[in-house]
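Each remark here refers to the structure printed beneath this line.
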Amino acid sequence: MDALQIGLLVVGLTLLVIGYRRNNRNLLLGAAVVLLACGAIPEFVAGFHAGVSSS
């Protein structure tokens with residue numbers, strides 16, 4: 001789980017830097033989506049696990 005989160009963080013930051021340097025809105029949008037996913041994945045997995053274990 002931590003490896004996935006760190007990987008998404010690295011990918012997001014890389015897209016952010018490349019998108020900023022090339023002035024490319026699509027890369028900046030991709031960076032925003034990846035960084036959002038990086039922050040949301042732990043909560044999603046915890047909720048999914050709680051839902052599966054309670055049923």
Under the rule for side-chain contact (heavy atoms from CB on, under 4.5 Å), what residues qualify as partners of L35, not counting sequence neighbours?
L9
With V17 via side-chain contact (heavy atoms from CB on, under 4.5 Å) - residues at least two apart:
R21
Where do [X] and [Y] come nearest, in terms of heavy atoms and distance?
X	Y	answer
A50	S53	O-OG, 3.2 Å
Q5	P42	NE2-CG, 3.5 Å
L16	A31	N-CB, 3.5 Å

Hydrophobic clustering (ILVMFWY, side-chain heavy atoms < 4.5 Å, transitive) - are [Y] and [X] grouped together?
X	Y	value
I41	L15	yes
L36	L8	no
L4	V45	yes
L13	V33	no

Distance from L27 atom CG to T14 atom OG1, nearest 0.5 Å?
11.0 Å
Apart from V52 itself, what residues make up its hydrophobic cluster when side-chain heavy atoms of I, L, V, M, F, W and Y under 4.5 Å apart count as a link, directly or indirectly?
F48
